[in-house]
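Naming: A, B, ... by sequence-line order, numbering from 1 per chain. None of the values given here were measured: they were computed from a predicted structure. Scope of the values below: all heavy atoms of this structure, side chains included, with no hydrogens, waters or symmetry mates.
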Amino acid sequence: MNVTFPDGAIKSFEEGTSSLDIAKSISEGLARKAIAAEVNDTVYDMTRPINDDATIKFLTWDDLKGKATFWHSSAHLMAEAIESIFPGVKFWVGPPIERGFYYDIDLGDNVITESDLGKLEKKMQELARQNNLFIRKEISKAEAIKYFGEKGDEYKLDLLAGLEDGNITFYSQGNFTDLCRGPHIPSTGIIKGIKLTGIAGAYWKGDEKNKMLTRIYGITFPNQKELDEYLVFLEEAKKRDHRKIGKELELFTFSDKVGSGLPLWMPKGAMLRQRLQEFMQKAQIEAGYVPVITPHIGSKNLYVTSGHYEKYGKDSFQPIKTPVEGEEFFLKPMNCPHHCEIYKALPRSYKDLPLRLAEFGTVYRYEQSGELHGLTRVRGFTQDDAHLFCMPSQVKDEFKKVIDLVLYVFKSLEFKEFTAQISLRDKEDHSKYIGSDENWVLAEKAIVEAVEEKGLSNVVVEYGEAAFYGPKLDFMVQDAIGRKWQLGTIQVDYNLPERFELTYIGEDNAKHRPVMIHRAPFGSLERFVAVLIEHCLGKFPMWLVPVQVKILPISDKFLPYAENVLHQLKNNDIRAELDDRSEKIGKKIRDTELAKIPIMLIIGEKEVNENVVSVRRQAKGDEGAKTLNDVIQSIKEEVENKM
RNA sequence: GCCAGUGUAGCUCAGUUGGCCAGAGCAGCUGAUUUGUAAUCAGCUGGUCGGGGGUUCGAAUCCCUCCACUGGCUCCA
C-alpha cells in the first residue's frame with residue numbers, strides 16, 4: 001500500500017503496517033514524539049494497523065488533536081486509578097476538553113472530596129509509571145452488552161444502545177477496560193505531569209431531571225515542567241479576577257443585607273460606569289439613536305402581551321401588588337415591551353423608520369442562586385439596550401450598522417480576542433420557537449449575510465442556540481480563567497411587533513408590520529466592566545480611569561501650591577485628587593501605584609520655585625518636570641485619542 | 001435549583017488532638033516626624049469567630065439547620 005505524507009512524499013509499506021512502524025521507518029525521534037496519527041482524516045492509535053492506501057499525519061503534543069488524544073487517555077488513566085481505589089464504581093463518559101479532561105462517575109455510596117485528589121494523583125502516577133499499553137479491541141455488540149450487563153453497568157449499556165454493531169471497540173490499559181472509540185496514546189508512561197483540578201456534580205446526560213454524577217476534572221502534561229508552568233499561569237490568572245481587583249480598587253461591593261447578586265457601585269466604580277455610558281451615548285447619537293426612559297416596573301399585562309409572562313413568569317421575582325386593587329406589577333426583566341409601547345404611542349410612517357430607541361435600562365432577573373458570579377452574573381443589571389424598528393428590507397443594513405458599533409466598542413477598549421457566535425434554530429425541532437417559518441428563514445439569512453459582508457473572523461454557528469423569538473449574533477470574550485461570557489448581542493425579532501400589533505404606514509398607504517432588532521453592544525454594564533477589569537488588570541485607559549491624577553506634595557509646606565494645582569486640573573475637567581497626608585513621598589508613590597492611578601504629580605521645593613510639576617507615570621516611573629499646562633494638554637490629548 | 005468545598009477585625013491570614021479575657025500584618029484613628037520617586041516611628045481603636053439551634057463542665061474548633069461565597073452542572077428573556 002502507498003502512504004502519502006504531509007509534504008506530498010509517497011512511500012510504500014506492507015499492508016497492515018502500523019503508524020508506529022511507519023514513524024520508526026522515518027526516525028526514532030518521530031516515533032517517540034508521535035502520540036497518534038491522522039490517517040485519512042481519522043485519528044488512529046499509533047499501533048493500529050493501516051490496511052489500505054492512506055494519507056498520514058503524525059500528531060504530537062504540539063497538535064490540538066494530539067493534546068486531545070493525550071488527555072482522553074489521561075481520563076482513562078484516572079478512571080483506572082479510581083476503580084482501583086473504589087472497586088465497583090460505574091463510569092459514564094470521560095472526554096478531553098479545552099484544557100484537560102474529566103470523567104463522569106457514579107460513585108455509588110463512596111464520596112470523593114478535594115482532599116482525596118492528592119491520593120488519586122499519586123495512584124495515577126504509579127499506574128503511569130507501569131507504562132501499560134493501551135490495547136484496542138474490536139468487539140461485537142452482543143459481547144459488549146454481555147460484558148457490561150454482567151458488571152451491572154447501566155451507563156455503558158445506555159451508550160451501547162446507541163451504537164451500531166461492527167463499530168464497537170474496547171480499550172484496555174492495565175486492569176481497566178472501557179467502551180471507547182479511541183484513539184489513545186501508545187502507553188501510559190508518557191503521561192508525566194498530573195494534576196486533578198476539581199470535583200463537581202454533573203447531571204447524567206446534562207439533564208437536571210437525571211441523577212447527578214461526580215465529575216472529576218484534571219489536566220496532564222508530557223513533563224513536570226509544563227505542568228508547573230500551567231500552575232503558575234493559573235495563579236497569575238487569579239490575580240486578574242475582577243472580583244479581587246474590584247475590591248482592591250474600591251469599584252463595587254456586595255452586601256448580604258442588600259441581597260445576593262445585587263451589586264453596589266462605589267464612587268470609583270460609578271465614575272467608571274458613567275464614562276462608559278457617556279462613550280456609548282455619544283456613539284449612539286452619531287449612529288442615529290434617540291434616548292428614551294422607562295420605569296423599573298411594568299404591569300403583568302405588559303408581559304402577558306409580550307409572551308414573557310408565560311415563558312418566565314414563574315422564574316421571575318414575584319409580582320408586586322397594589323394595596324387596594326391588587327393589580328400586579330413585575331420588576332422589568334427586559335426593556336423591549338416598554339419600548340414597544342413607545343413605538344405604539346404615535347402613528348408611524350415608513351419615513352420614520354428605522355426608529356432607534358435607546359435606554360440604559362436596569363433590569364432584574366431571578367437568576368438561580370448557584371449561577372451568581374461576581375459582576376458577570378447578577379440579579380440586577382443595566383443594559384445598554386436599544387430597539388430598532390425597521391422595515392423588513394432594512395434589517396440587513398441595520399444589522400450591519402450594529403455590528404460596526406459593537407466592533408467600534410471592542411476596538412476602543414482594545415478587546416482583540418473575541419468570537420462572534422451566530423445562534424440559529426435547532427435544525428430539526430422547531431417546536432420551541434415562535435413566529436412563522438418564513439420570518440425565521442428571512443432573519444437567519446439576514447444575520448448570516450450581514451456577518452459575511454462584514455468579514456468577521458472567529459465566527460461560530462450554533463444551531464439550537466437561538467432565542468425563542470428569533471436568531472441572534474453574540475460577541476463572546478473570555479475571562480481571566482478561560483470562561484466564556486457573552487457581551488454584545490444583536491437579535492432579530494419578528495415576534496414582539498406581532499404581539500404588540502405594531503404597524504407603520506407604507507409608501508402604498510397600507511399598514512405593515514415592522515421588524516424589531518434588540519441590541520446591546522456592552523450587553524450588561526456589569527458584565528462588561530468585569531471583563532474590562534480582567535483585560536486591563538484594573539489599569540484603565542485615561543478616558544475611563546476614575547482618578548486620572550494624584551498630586552503628591554513632598555511636605556505640608558507645599559500644600560498651598562498643590563491645592564492650586566488641584567484646582568486648575570479640576571477646572572480643566574481632569575479627575576484629580578490630592579494626597580495631603582503627612583507621609584513620606586515614597587509611601588505616597590507606593591499607595592498611588594497600587595491604586596493604579598496613571599499620573600502622579602510630585603511637588604516639592606524645586607517645583608514650587610520653578611512653577612512646574614514633576615510627572616511620574618504609573619508602572620513607568622519618573623518623566624521629569626513639566627509645566628502644569630503641558631500636563632493638562634497631554635492628558636486631554638490622551639483622552640481625545642481614545643474616545 | 002443540584003454536587004462538592006469555604007466562611008475568624010475594613011483587607012490578607014494565624015489559631016495544635018474542644019481548655020486561660022481570640023492573635024498578626026496592612027488599613028483606620030491620635031501623636032511625633034516635614035520628608036525627593038514603591039512601605040517613618042510610637043500609641044490606640046476595631047471581632048455577635050456568617051446566623052440560629054444542639055452536644056459538652058467548657059465550642060472559632062464536634063453535630064444539625066439556614067445564609068453567603070468559591071469551583072462545576074443545569075439555566076440564562
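Sequence order on RNA chain B of the closest nucleotides to A:A466 and A:E208 puts A:E208 first from the 5' end.
Across B:rC3, B:rG1, B:rA77, the shortest atom-to-atom separation from the side chain of A:Y366 is found for B:rG1. Candidate nucleotides B:rA77, B:rA38, B:rG71 were compared by shortest atom distance to the side chain of A:Y312, and B:rA77 ranks first. Of the listed nucleotides (B:rU37, B:rA77, B:rC2), B:rU37 has the atom at the smallest distance from the side chain of A:I589. When each of B:rG1, B:rU35, B:rC2 is scored by its nearest atom to the side-chain atoms of A:S369, the top-ranked nucleotide is B:rG1. Distance from the side chain of A:Q491 is smallest for B:rA77 among the nucleotides B:rG72, B:rC73, B:rA77. Out of B:rU37, B:rG72, B:rA27, the shortest distance to the side chain of A:K587 is found at B:rA27. Checking B:rG71, B:rA38, B:rC69 against every side-chain atom of A:R483, the shortest atom distance belongs to B:rG71.
Residues A:K332 and A:T294 bring a donor and an acceptor atom of their side chains to less than 3.5 Å of each other. When only modelled atom types and interatomic distance are considered, A:Y469 and A:R499 share no side-chain donor-acceptor pair under 3.5 Å.
Rounded to an integer number of Å, the gap from CD of A:E367 to C1' of B:rA77 is 10 Å. Between A:K314 atom NZ and B:rA77 atom P there is a gap of 17 Å when expressed in whole angstrom units.
Ring-to-base geometry does not place A:F468 in a stacked arrangement with B:rA77 (centre distance under 5.5 Å, plane angle under 30° required).
A salt bridge links A:K244 with A:E248; the closest basic N to acidic carboxylate O contact falls under 4.0 Å. Ion pair A:K550/A:E577 flagged as a salt bridge, since at least one NZ, NE, NH1 or NH2 atom sits closer than 4.0 Å to an Asp/Glu carboxylate oxygen.
OP1 or OP2 of B:rA39 has not a single side-chain nitrogen or oxygen of A:K588 nearer than 4.0 Å. In this structure, A:R243 reaches the B:rU70 phosphate: one of its side-chain N or O atoms is under 4.0 Å from OP1 or OP2.
For A:R377 against B:rC76, a side-chain N or O and a base N or O form a donor-acceptor pair under 3.5 Å.
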